[in-house]
Amino acid sequence: MADPVESLRLKLVGQVRGVFHDAAKGQQPTPPSDEALFERDTPIRRVHADIVGMMTGGVRALLLQMLHPHALQGVLDHSNFREDMHGRLRRTARFIAVTTFGHRDEAMKAIDRVNRIHARVGGTLPDGSAYTATNPRTLAWVHVTEAQSFLAGYLRHVRPDMPGHEQDEYYRQFAVIARALGADPVPETRAEAERIFRELRHDLATSPEAREIAQLVLNQRPDGTPRGVQTMITADAVTMLPDWARTMLRLQRPMLTALPARAATWGMGRTLRWAFRQT
């Protein structure tokens with residue numbers, strides 16, 4: 001007789017994998033490799049393994065990235081974000097998985113593919129100035145927002161007492177990928193990340209387009225994701241934003257839903273860690 005608990009666990013794992021992998025295209029989860037860029041049980045692999053922390057952190061990072069005019073224009077000019085947001089998010093999640101957990105050869109192939117795509121992305125900003133996706137400073141903003149946001153999600157939902165030296169090691173590890181993508185400057189510690197974040201904030205600007213994309217990010221619901229789950233993920237991500245970013249995007253800090261969303265995402269995170277047999 002089948003174990004009902006194990007059947008429930010496997011069903012939950014299958015549903016989650018269906019959100020992040022396109023079965024119609026034969027996509028399968030990235031098998032963890034002992035020959036990855038990063039060793040097992042190191043900070044980057046622990047942080048990037050937590051689904052809820054990565055989802056809330058990923059939404060936070062996307063919202064911050066849309067405040068950078070160059071990053072925003074690249075999305076507007078060269079992405080089918082509006083028509084296939086789920087596909088774009090899947091591709092981003094797969095890149096993170098392959099570069100973090102996959103064999104180092106596959107990781108470098110994924111990085112090379114992104115670099116080739118970036119080399120073809122460029123155009124003109126509304127003020128007439130040129131932009132390219134290979135601009136090291138733009139790539140630095142994309143990286144620092146992701147690193148800070150993924151780590152913030154992990155600290156918030158999994159391990160608020162993560163030692164400072166492990167947090168710094170996370171930045172040092174993630175810097176390997178950022179430099180391979182051409183980002184500069186790249187932080188290797190929490191202090192450097194905060195400094196670079198403050199410095200690059202001067203490059204940001206609000207716009208109707210940034211606010212439109214922010215609403216698309218917050219209101220999208222990937223296939224297979226219950227509406228309630230998406231609501232609590234986005235509410236938690238908006239809560240994690242700096243006040244000034246919410247103001248620029250005209251987002252309200254969740255008040256009545258903040259505590260329920262925090263509790264729900266915490267509970268969901270525990271459930272998913274059980275399902276995926278993560279400690």
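Values reported hereafter were calculated over all heavy atoms of this structure, with side chains retained and with hydrogens, waters and symmetry mates removed.
Of the candidates Gln65, His70, His68, Val142 forms a side-chain contact (heavy atoms from CB on, under 4.5 Å) with just one, namely Gln65.
With values rounded to the nearest 0.5 angstrom, Arg211 atom CZ is found 10.0 Å from Leu67 atom CG. Annotation: the span from Thr42 atom OG1 to Leu37 atom CG amounts to 10.5 Å, rounded to 0.5 Å. Here CG of Leu151 is found 9.0 Å from CZ of Arg190. Values are rounded to the nearest 0.5 Å. A distance of 8.0 Å separates CG in Asp184 from CZ in Arg179, rounded to the nearest 0.5 Å. For the atom pair CD1 (Ile111) and CZ (Phe95), the distance works out to 5.0 Å, reported to the nearest 0.5 Å. With rounding to the nearest 0.5 angstrom, the OG1 atom of Thr189 is 8.5 Å from the CD atom of Glu194.
Hydrophobic clustering, with ILVMFWY side chains joined whenever heavy atoms are under 4.5 angstrom apart, keeps Phe101 apart from Ile51. Clustering ILVMFWY residues whenever any of their side-chain heavy atoms sit less than 4.5 angstrom apart, transitively, puts Leu139 in a cluster other than the one holding Ile117. Taking hydrophobic clusters as Ile, Leu, Val, Met, Phe, Trp and Tyr residues chained together by side-chain heavy-atom distances below 4.5 Å, Met55 does not share a cluster with Val98. Cluster annotation: Ile177 is connected to Val114 through the hydrophobic network of ILVMFWY side chains, with a link wherever side-chain heavy atoms come within less than 4.5 Å. Residues Leu249 and Leu200 are members of one and the same hydrophobic cluster, defined by side-chain heavy-atom contacts under 4.5 angstrom among Ile, Leu, Val, Met, Phe, Trp and Tyr.
Inter-residue side-chain proximity for Asp168 and Glu188 is flagged as unmet; no heavy-atom pair is nearer than 4.5 Å. Looking at heavy atoms from C-beta onward, Lys109 lies in side-chain contact with Arg113 at the 4.5 angstrom threshold. Put simply, the side chain of Leu218 reaches to within 4.5 Å of the side chain of Leu63, judged on heavy atoms. Ser149 has its side chain out of reach of Leu62: every pair of non-hydrogen atoms, C-beta onward, lies at least 4.5 Å apart. Side-chain contact between Ser207 and Met66 is absent, with no heavy atoms from C-beta onward closer than 4.5 Å. Side-chain contact between Gln148 and Tyr171 is present, with at least one heavy-atom pair separated by less than 4.5 Å. Two residues are said to be in side-chain contact when any heavy atoms from C-beta on lie closer than 4.5 Å; Arg60 and Pro242 meet this criterion. Taking 4.5 Å as the limit, some side-chain heavy atom of Arg45 sits within range of a side-chain heavy atom of Pro32.
Dense packing is recorded around CD of Glu199, with more than 12 heavy atoms of other residues, nucleotides or ligands lying under 6.0 Å away. Other residues, nucleotides and ligands contribute only 12 or fewer heavy atoms inside 6.0 Å of the CZ atom of Arg250.
Side chain of Asn135 to backbone of Ala71: no donor-acceptor contact under 3.5 angstrom is found. Judged purely by atom type and a 3.5 angstrom limit, Gln167 uses its side chain to pair as donor or acceptor with the backbone of Met162. Looking at Arg156, its side chain never comes within 3.5 Å of a backbone N or O of Gly53 through a donor-acceptor pair. Counting only distance, with no hydrogens or angles, the side chain of Thr247 and the backbone of Asp243 share a donor-acceptor pair below 3.5 Å.
Here the shortest heavy-atom pairing between Gly122 and His78 reads O-NE2, 2.8 Å. Smallest separation of non-hydrogen atoms from Thr99 and Phe38: O-CE1, 3.5 Å. The two residues Leu64 and Phe197 make their nearest non-hydrogen contact at CD1-CE1, 4.2 Å. Here the shortest heavy-atom pairing between Ala183 and Val186 reads O-CG2, 3.3 Å. The two residues Ser33 and Gly102 make their nearest non-hydrogen contact at CB-C, 3.8 Å. Closest approach of Pro185 and Ala140 over heavy atoms only: O-CB, 3.2 Å.
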Requested in this report: Go through the steps to decide whether Arg159 and Asp50 satisfy the test salt bridge (charged side-chain N to carboxylate O under 4.0 Å, His left out), and finish with yes or no.
Outcome: CA-CA 11 Å; Arg159 197 179 172 200; Asp50 186 72; over 6 Å; no

**Report entry** Chi angles and distances behind the side chain to side chain contact (heavy atoms under 4.5 Å, CB included) call for Met240, Thr56
**Finding:** CA-CA 9 Å; Met240 292 165 61; Thr56 56; 4.2 Å; yes

Query raised in the report: Please walk me through it: do Ile213 and Leu76 pass side chain to side chain contact (heavy atoms under 4.5 Å, CB included)?
Result: CA-CA 9 Å; Ile213 298 297; Leu76 295 175; 4.2 Å; yes

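The residues Glu169 and Arg46 are annotated as not salt-bridged, no charged nitrogen and carboxylate oxygen being separated by less than 4.0 angstrom.
Remark: aromatic rings of Tyr170 and His48 are close, center separation under 6.0 Å.
Using cut-offs of 30° and 60° for the angle between ring planes, the Phe174 and His143 rings count as perpendicular.
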